[in-house]
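Everything below concerns the one structure shown next.
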4 protein chains.
Amino acid sequence: MKRNKPKYMQIIDAAVTVIAENGYHAAQVSRIAKAAGVADGTIYLYFKNKEDILVSLFEEKMGSFVGELENKISKISTASEKLHKLVEMHFHHLASDHHLAIVTQLELRQSNIELRVRINGVLKGYLAVVDHIVKTGMESGEFNPGLDVRLARQMIFGTIDETVTSWIMNDQKYDLLQLVNPVHQLLINGCGYSQSTLK
Amino acid sequence: MKRNKPKYMQIIDAAVTVIAENGYHAAQVSRIAKAAGVADGTIYLYFKNKEDILVSLFEEKMGSFVGELENKISKISTASEKLHKLVEMHFHHLASDHHLAIVTQLELRQSNIELRVRINGVLKGYLAVVDHIVKTGMESGEFNPGLDVRLARQMIFGTIDETVTSWIMNDQKYDLLQLVNPVHQLLINGCGYSQSTLK
Amino acid sequence: MKRNKPKYMQIIDAAVTVIAENGYHAAQVSRIAKAAGVADGTIYLYFKNKEDILVSLFEEKMGSFVGELENKISKISTASEKLHKLVEMHFHHLASDHHLAIVTQLELRQSNIELRVRINGVLKGYLAVVDHIVKTGMESGEFNPGLDVRLARQMIFGTIDETVTSWIMNDQKYDLLQLVNPVHQLLINGCGYSQSTLK
Amino acid sequence: MKRNKPKYMQIIDAAVTVIAENGYHAAQVSRIAKAAGVADGTIYLYFKNKEDILVSLFEEKMGSFVGELENKISKISTASEKLHKLVEMHFHHLASDHHLAIVTQLELRQSNIELRVRINGVLKGYLAVVDHIVKTGMESGEFNPGLDVRLARQMIFGTIDETVTSWIMNDQKYDLLQLVNPVHQLLINGCGYSQSTLK
DNA sequence: GATGAATGAGAATTCATTCAT
DNA sequence: AATGAATGAATTCTCATTCAT
């Protein structure tokens, strides 16, 4: 397993730092190698090509996060609380690693479309968790059973993602974690029974 | 005024097509020039550099759209209906120009951060419209007066944007306009009184 | 006659200024045109191409100077005094027009070899004056009759030219005219009877 | 040390040939690379840019020459003989490498002013040797003790340089080394006691 | 496994010159 | 004569990737 070899994670971590500090275009392979303390050629013993570093970076950082997410959320019963945990963990994950936040919200999106398709593959796991929460809520009656799951997922992911991106674009000058409750409330409302229905 | 010169719009339109069909990086300036029916050098009479084509393209296409948006929405009285019009116009704008949709949702985001800052400048106008709708709704009692306007805006924009991006990533294989109503409903719910409040 | 048309000299003068202030490579035809207050295309009504501006510039500024030189020097009888006048006029000519001095000593030499051959053509007139002085001195017995005229000319021109170039490279921070006498003395010595001969 | 790497000198030598035969502007980097038997990109492992090749070329070829010059001249006692050696070595150096002569007398001067400042840095060493000779002669009584050292240096360098340039401009059709004695005589005279003083 | 010197494809941009008005 | 918008050829340099050691 690649990831058990020390240089693998060394390169990944160097890539996060170099990309965050210099931007995607200035993140030459040779710079990442230097930051990782390995030779340029060594990179190619662990990664197929430059794009592969990026995808792997996302897979490692996001993959383990999704694992944790699934684990924590499975232990919670209500959809609303699950969603609260999702928002909290998402915000906490990125607020606690500014370099990673910059890379995922800004730099990784400068990649070409082909790469973004692969990144979307990684996102699938995350989105499956969201779908699961939505369905749980619909079944339990917490959410409107008439919801379009895909749209609900897009609202949840779009809202969370946009909130993080705005926070990054504003130089992280406020506390992202303080937005967990209000964002959660917006999403719960969105997924809930429409007002008119209630009347 | 640049945009009164026919070649300016000619180049913009050629750029939309060439970039949508080939991707930003494969869209060589010479290809755009050829598609526009002008010489390579002519591009540089109208645009500072290749990036400037991209930003200008967004400014032109988005700027006029925001103008229309403001106009139409100002004629509507309720926040809910304003928001419905926004979603509808946004989806219609991009659904009716597939090339433009690809460029705005995918290609434009490959630009570097400096460029993205300029793009955000253009987005300001759009977001101001969203803010206006949210405030209108809060004042009229349609929306929860306790809303955080910035968060509400991020939910609205994030949801709409993510919906369009998903549609593009799925090769536009369904009808985006059919999503106007459900998306609108999600957003209205999100901005409305929380269920618990109502009880 | 081209040079009687006002725009001809207007362009020449603009070229001297633009080249002196911006350097040879930044002296685009369009900049010269702008400085001269004419359209780019107008340049080509008076000059065959960009190089032609440079050669013409040198011809005009140097040609008239050589005319004056011949005139003044013909009125002087001794070779030594003629040479003194030459050095004085040369230094005075360039010290009184800093822009021209920069152009002739630095910028004009960045031209390609073909152009430099043409410039040498212009220099012929100047060098003929020098040759004439040397021959006069050899005939009158002021100078060593065994001189190689070509070498004497190269010493005279080389010394004067190097002195002016050094003055320019040192930002013209001393008075060039104060060097007339010592430079003249060096040249007179060089052309005179060798010391050993005298003994 | 760059210059110990074989490719460094390989590229320098290729550059001398290519620039001499084609002129500086026609000497594309790819042509120099081809002549040196390396890839285009390899040039940039050894040189910052195209101009850097030119300056480095001059530094290498002129630097070692100045070293030799200092060495040989230090072993000679009289200023007159030192000067004779200087002229002889200078003429011999360029007469024995026609390509180098063309590059230093013609092509190197097409460089821009910034570059010429760097070239002047290299020339400093040469001019220091000249200054040393002049001072030696003034102290020993061979030269006029009233000489202005800077002017004497300008005469010596200007005369030698102009002589070589003329030789190049005349397609090297005569033997430069035959001019060593007469040029030396001119310079010795120039630096000697003025005739009037002797009377 | 590790190195890092060497490779070479690939594209944006400038600016002298033209010519329809 | 004068204009100035349009032309398009031409070249440096970067950087992901390879492979001999």
Side-chain angles (χ1 to χ4, degrees), chain A residues 5-8 10-11 25-34 36-54, chain B residues 5-8 10-11 24-34 36-53, chain C residues 5-8 10-11 25-34 36-54, chain D residues 5-8 10-11 24-34 36-53:
Chain A
K5 306 211 178 169
K7 299 208 171 168
Y8 179 79
Q10 221 167 295
I11 292 166
H25 281 111
Q28 297 101 321
V29 172
S30 61
R31 266 205 206 210
I32 295 172
K34 196 171 189 179
V38 300
D40 293 15
T42 304
I43 300 270
Y44 292 86
L45 297 175
Y46 295 91
F47 301 91
K48 220 176 77 227
N49 52 35
K50 188 182 175 182
E51 285 196 348
D52 192 32
I53 304 176
L54 290 169
Chain B
K5 304 206 181 172
K7 304 217 167 167
Y8 179 77
Q10 220 167 297
I11 293 166
Y24 179 68
H25 282 111
Q28 296 103 315
V29 173
S30 61
R31 258 169 126 154
I32 295 173
K34 198 168 190 178
V38 301
D40 292 16
T42 304
I43 299 269
Y44 293 88
L45 296 177
Y46 295 92
F47 303 90
K48 223 175 73 231
N49 49 38
K50 190 181 170 184
E51 282 197 348
D52 193 33
I53 304 177
Chain C
K5 304 211 178 166
K7 300 210 171 168
Y8 179 79
Q10 221 167 297
I11 294 166
H25 281 111
Q28 297 101 319
V29 172
S30 62
R31 267 206 204 209
I32 295 173
K34 198 169 188 181
V38 301
D40 293 15
T42 305
I43 300 268
Y44 292 86
L45 298 175
Y46 294 92
F47 301 90
K48 217 175 80 229
N49 51 34
K50 189 182 175 183
E51 285 197 347
D52 192 33
I53 304 177
L54 290 170
Chain D
K5 305 207 180 169
K7 304 218 167 164
Y8 179 77
Q10 222 167 295
I11 293 166
Y24 180 68
H25 282 111
Q28 295 102 317
V29 172
S30 61
R31 258 171 128 152
I32 294 173
K34 199 168 190 180
V38 301
D40 292 16
T42 304
I43 299 271
Y44 294 89
L45 296 178
Y46 295 91
F47 303 92
K48 226 175 71 231
N49 51 36
K50 188 182 172 183
E51 281 198 347
D52 192 33
I53 305 177

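In what follows, chains are A, B, ... by sequence order, proteins preceding strands, each numbered from 1.
- When the P atom of dA2(F) is taken as reference, atom CG of Asp40(C) falls 14 Å away, rounded to whole Å.
- Regarding Gln28(A), its CD atom lies at a distance of 8 Å from the C1' atom of dT14(F), rounded to whole Å.
- Considering only side-chain N and O atoms, Tyr46(C) lies under 4.0 angstrom from the phosphate OP1 or OP2 of dA2(F).
- Between Val29(A) and Tyr44(A) the shortest heavy-atom distance is CG2-OH, 3.8 Å.
- Comparing Ile43(D) and Gly41(C) by the nucleotide of DNA chain E that holds the closest heavy atom to each, the one mapping nearer the 5' end is Ile43(D).
- With both pairing distances under 3.5 Å, dA20(F) is matched to dT3(E) as a Watson-Crick or G-U wobble pair.
- Applying the Watson-Crick and G-U wobble criteria (two distances, each under 3.5 Å), dT13(E) pairs with dA10(F).
- Annotation: of the two residues near DNA chain E, Lys50(B) and Lys50(C), the 5′-most nearest-nucleotide partner is Lys50(B).
- Put simply, NE2 on His25(A) is 12 Å from C1' on dC15(F), counting in whole angstrom units.
- Look at CZ on Arg31(B): it is 13 Å from P on dG10(E), rounded to the nearest Å.
- Considering only side-chain atoms of Leu45(B), the nucleotide from dT7(F), dT7(E), dA16(F) that sits closest is dT7(F).
- Atom CG of Asn49(A) is separated from atom P of dT17(F) by 5 Å (rounded to the nearest Å).
- When rounded to the nearest whole Å, the span between CD of Gln10(D) and C1' of dA5(E) equals 13 Å.
- Ring-plane geometry between Tyr8(D) and Tyr46(D) is classed as tilted, the angle between the planes lying from 30 to 60 degrees on a 0 to 90 degree scale.
- Note: CD1 (Ile32(C)) to P (dA16(E)) measures 8 Å, nearest angstrom.
- Summarising the geometry, atom CD belonging to Gln28(B) is positioned 11.5 Å from atom NE2 belonging to His25(B); distances are rounded to the nearest 0.5 Å.
- Here the side chain of Tyr44(A) is nearest to one of dT13(E), dT17(E), dA16(F), namely dA16(F).
- The heavy-atom pair separating Ala33(A) from Asp40(A) by the smallest distance is CB-OD1, 3.6 Å.
- Comparing dT17(E), dC13(F), dG8(E) by their closest approach to the side chain of Ala39(D) singles out dG8(E).
- Considering only the side chain of Lys7(D), dA6(E) comes nearest among dG8(E), dT17(F), dA6(E).
- Between Lys34(B) atom NZ and dA11(E) atom C1' there is a gap of 15 Å when expressed in whole angstrom units.
- OP1 or OP2 of dT7(F) has at least one side-chain nitrogen or oxygen of Thr42(B) nearer than 4.0 Å.
- Nearest heavy atom pair, residue Ile53(A) against residue Ile43(A), reads CD1-CG2, 3.7 Å.
- The side chain of Val29(B) lies closest to dT13(E), out of dA16(E), dT7(F), dT13(E).
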